[in-house]
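Here is the naming used below: chain letters follow the sequence lines, and residue numbers restart at 1 for every chain.
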Amino acid sequence: MLRTHTCGELRADNIDDTVTLCGWVDSTRDHGGAVFVDLRDRYGKTQVVFGPESGLVEEASALRSEDVIKVIGSIAARPEGTVNEKIDTGAVELRTSELEVLNKSKTPPFTPSQQELPGEDLRLKYRYLDLRRQQMQDTLVLRSKIVNTMRQYFDENDFIDVETPILGRSTPEGARDYLVPSRVHHKHFYALPQSPQLYKQIMMVAGYDRYVQVARCFRDEDLRADRQPEFTQLDLEMSFVDADDVIGMIDGLVQRMAKEVLDLDVQLPLPRMTYDEAMERFGHDAPDLRFGMELINCSDIAEKVEFRVFSGAVSNGGVVRGIKADGVAADFSRKRIDELTEWVKQDFGAKGLAWFRVEEDGSLWSPISKNFSDEELAAIAERMGANVGDIMFFIADSWEVSCKALAALRKRLGAELSLYDPATMNFSWVIEFPMFEFDEEEQRWNAMHHPFTAPREQDMPMFETEPHSMRAIAYDLVINGSEAGGGTIRIHDSAIQSKVFELLGIDAETARDRFGFLLDALQYGAPPHGGIALGIDRWVMLFGGLENIRDCIAFPKTQKAADLMTEAPGGVDKRQLRELGIKTVDE
RNA sequence: GGGGCCGUAGCUCAAUUGGUUAGAGUACCGGACUGUCGAUCCGGUGGUUGCGGGUUCGAGUCCCGUCGGCCUCGCCA
C-alpha cells in the first residue's frame with residue numbers, strides 16, 4: 001500500500017505517529033506562509049498542513065481541486081481553538097514533510113464537495129466525479145449492504161445461488177425485448193432476459209428446491225423516475241411451498257433488513273390486503289398505507305341525482321367516488337383546483353374533477369352544488385364524513401379511470417399536505433390479484449402476471465364462466481406505496497396450464513414454439529413451486545429515502561436510455577454489421 | 001406517440017416581462033497574507049444566451065422547427 005492510513009481514521013491517539021496518506025485534494029486554503037489542504041478519500045477528510053518548516057509551501061500552493069497526492073508527515077494535535085468539529089478527524093492534522101503529486105487533475109467541471117448540485121446531464125457525463133460525492137458513496141454503500149444482507153439471509157436459509165443466461169430467447173409476451181443478433185445464425189436473435197422466470201422454474205424441476213440470484217433484467221420500455229431499462233432483481237424460487245411460505249420467507253427478510261439498515265423493529269406478519277380491497281379503498285394495487293384519505297364510493301347516492309355528470313356516470317356502468325382532505329379547504333384556491341382538474345384530465349383521461357367545500361354552517365359549496373338538493377348534499381356529506389373546513393374531490397367516470405385519477409390525486413395530496421412523515425416505513429402485502437385482464441384494443445385476455453401463474457383452487461370452475469373474476473395465487477410486497485416485489489405460485493399441472501393457454505388464445509403449437517422446453521420439463525416430475533422477485537433498485541430508493549432510481553445506480557441511463565459517459569448506444573463498423581447479416585435503414 | 005418544465009460564463013443562477021456594452025456568486029489566472037477549515041483582501045480572463053429559421057426598427061425574452069436533460073400519460077405479462 002502506498003498509504004499507512006485512510007483519510008478518515010486518524011484521531012488524538014495517533015498524535016506523534018508518522019503516517020502516509022493518499023487521496024484527492026478536496027480544498028486548499030493558501031495563507032502565503034502556510035497552506036492547508038483537506039485531503040479526501042472515501043473514508044473521510046484529513047487536514048494536511050504545509051508550514052514554512054516543511055519547505056513545501058510553494059508546491060502546496062500549486063495544488064488544486066481533485067489532484068491526487070501522497071503526503072508523509074507526523075500527526076499533531078491542532079492548536080487550541082482550531083479543532084474542526086465538523087469532521088471526525090478534526091482534532092488532529094498532518095504536518096507534512098514530503099509531498100508527491102501522484103496525478104494532477106484537470107480543472108473539474110464541478111467538485112464533489114460543492115454546495116450546489118450541477119445539472120444531472122453533467123453529473124452523468126462526468127459520473128466518476130459525481131460518484132465521489134458523499135451522498136452517492138452513501139447510497140452505493142447502502143446498496144451493497146442491502147444486497148449483502150439479502151445474500152446472507154438466503155444463504156442461511158439454504159438457498160442456492162445459480163446464474164442463468166443473459167443471452168436467451170425472445171418471448172413476445174410482456175415487455176419489449178432487447179435483442180442481440182446472432183453472428184452464427186443470421187436472421188436469428190437472442191433476447192436479454194426480462195427476468196429469469198423460466199429458468200428458475202426449470203431449476204425447481206431439476207430439484208434445486210431453493211434458488212436465489214441477484215439477476216440483471218432488461219426491458220426496452222420508456223423510462224420513469226423509478227424505471228431503468230436494465231435493473232436488478234433479487235430473484236428466488238422455492239419448491240413444495242404455498243403462498244404463505246414465500247410470504248413468510250420475505251417477511252423475515254424485511255424484518256431483518258429494517259433492523260440492520262434502519263435499526264427499525266418491524267412486527268410480523270406483515271399485514272395483507274386483497275387486490276380487490278386495495279382497489280376499492282385506495283384505487284391502486286400498491287397503496288401507500290402511511291396515511292388515510294381513502295376512496296369513498298358514493299355511486300348509490302349519485303345515481304339518483306339530477307346532475308347528469310354524476311347520475312350518467314353510474315348509469316353507464318361507472319362509479320362516483322371521492323376523497324376528502326380534512327380542514328384544508330382554505331388552502332385550495334380556484335387556481336389550484338383548476339390545476340388539479342387539468343392534471344386528472346390530461347394524465348388519466350378523467351372528464352373532470354368535481355369538488356365540494358364544507359362551509360361554516362356545515363353546508364356543501366361547489367360550482368355544481370346548485371344541481372343537488374339539500375338532502376342529496378347532506379347524504380354526500382354524511383357518506384364522506386365531512387366536517388367544517390374539509391374539501392372533497394370526486395371523479396364520476398369508469399371504475400378504471402376513477403381508480404387511476406383518485407389514486408394519483410390521493411398520492412399527490414398526501415405529499416403536498418404532509419399527511420405522513422416521509423421517513424416512516426410501511427411494509428405490506430397485496431394478494432389475490434386477478435388472473436386475467438381484458439385487452440380492449442386487441443379484444444383478448446392477457447395474463448396479469450405471467451401465463452404460468454396458478455389460479456386459486458376454488459376459482460378453477462370459472463375458466464369458462466367468468467375468467468375476469470378468477471384470482472391468482474399472487475402476492476406483491478408494497479413499501480410506502482411502491483411495488484417492491486412480486487411473485488406467484490406457479491402452475492405445475494399441465495391440464496391447468498393448457499386451460500390458461502387456451503383462454504389467452506395461445507394455441508398448442510404456439511405454446512410449444514415459445515415455451516416448449518418449460519412444458520416438456522413440467523412433464524418430468526415438476527414439484528409444486530412458487531417464488532418472488534424483489535426490485536433491488538427500488539429497495540435502495542426506499543431504504544435510502546431517494547426520489548430517483550438513477551441515484552441508486554452507479555452508471556444509469558437517461559430517459560432516452562443513453563449513457564452520457566460512454567455515449568452508448570453508439571454506431572458500429574460496417575464490418576460488424578456484415579458479419580451479423582444486418583443492414584440498417586434510413587428513415 | 002401525447003402533455004408539461006428546463007437549456008444564458010467551466011459551474012449555480014440573474015437580466016425590471018421586446019430596448020443601451022448580458023450581470024452576480026463560485027471556479028480559473030495573477031498578486032498579498034503563518035492557523036485556516038465556504039479562509040480573507042486586491043486585480044484579471046472568461047459569453048455563437050443549445051442549434052437552425054422567422055416576426056420586429058430592435059430578440060436571451062415572442063413564434064416555428066430541431067437537439068439535449070427532467071417529470072408524466074400511453075407502455076412496463
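Judged by distance alone with a 3.5 Å cut-off, no donor-acceptor contact links the side chain of A:R29 to the base of B:rG38. Below the 3.5 angstrom threshold, one finds a donor paired with an acceptor across the side chain of A:Q47 and the base of B:rU36. Counting distance only, with no hydrogens placed and no angle test, the side-chain atoms of A:R227 and the base atoms of B:rC75 include a donor-acceptor pair under 3.5 Å. The base of B:rG74 is paired with the side chain of A:D222 by a donor and an acceptor separated by under 3.5 Å. One donor-acceptor pair, N or O on each side, does fall under 3.5 Å between the base of B:rG35 and the side chain of A:E93. No hydrogens or angles were tested; on distance alone, nothing pairs the side chain of A:R123 with the base of B:rC11 as donor and acceptor under 3.5 Å.
Judged by centroid separation below 5.5 Å and plane tilt below 30°, A:H31 stacks onto the base of B:rA39. The aromatic ring of A:F36 stacks onto the base of B:rU36, its centre lying under 5.5 Å from the centre of the six-membered base ring with the two planes under 30° apart.
Both distances falling under 3.5 Å, in either a Watson-Crick or a G-U wobble arrangement, place B:rG19 opposite B:rC57. Of all nucleotides present, only B:rC11 satisfies the Watson-Crick or G-U wobble test against B:rG25, with each distance under 3.5 Å. A 3.5 Å limit on both hydrogen-bonding distances identifies B:rC42 as the Watson-Crick or G-U partner of B:rG30.
Of the listed nucleotides (B:rC70, B:rG30, B:rG68), B:rG68 has the atom at the smallest distance from the side chain of A:K560. Distance from the side chain of A:D347 is smallest for B:rG2 among the nucleotides B:rA27, B:rG2, B:rC37. The side chain of A:A175 approaches B:rC76 more closely than any other nucleotide in the set B:rG2, B:rU72, B:rC76. Each of B:rU12, B:rC71, B:rU34 was ranked by its minimum atom distance to the side chain of A:A34; first place goes to B:rU34.
Salt-bridge check for A:R336 with A:E416: passed, with a basic side-chain N closer than 4.0 Å to an acidic carboxylate O. Taking 4.0 Å as the cut-off between side-chain N and carboxylate O, A:R471 and A:D459 do not count as a salt-bridged pair.
For the C1' atoms, the distance from B:rU8 to B:rA14 is 9 Å, rounded to whole Å. Atom P of B:rG46 sits at a distance of 31 Å from the matching atom of B:rG38, rounded to the whole Å.
Ranked by how close their nearest RNA chain B nucleotide is to the 5' end, A:E53 and A:D30 are led by A:E53. For the pair A:G174 and A:R64, both in contact range of RNA chain B, the more 5′-proximal nearest nucleotide belongs to A:R64.
Between A:Y128 and A:Y126, the ring planes are perpendicular. Angles over 60° get that label, and only those under 30° would be called parallel.
Looking at A:D347, its side chain never comes within 3.5 Å of a backbone N or O of A:V344 through a donor-acceptor pair.
Figure legend: A:R42 and A:W24 shown without cation-pi pairing, the cationic atom not lying both under 6.0 angstrom from the six-membered ring centre and within 45 degrees of its axis.
Note on A:T107: every side-chain N or O is 4.0 Å or more away from OP1 and OP2 of B:rA27.
Using a 4.0 Å heavy-atom criterion, one finds that A:K86 contacts the sugar-phosphate atoms exclusively.
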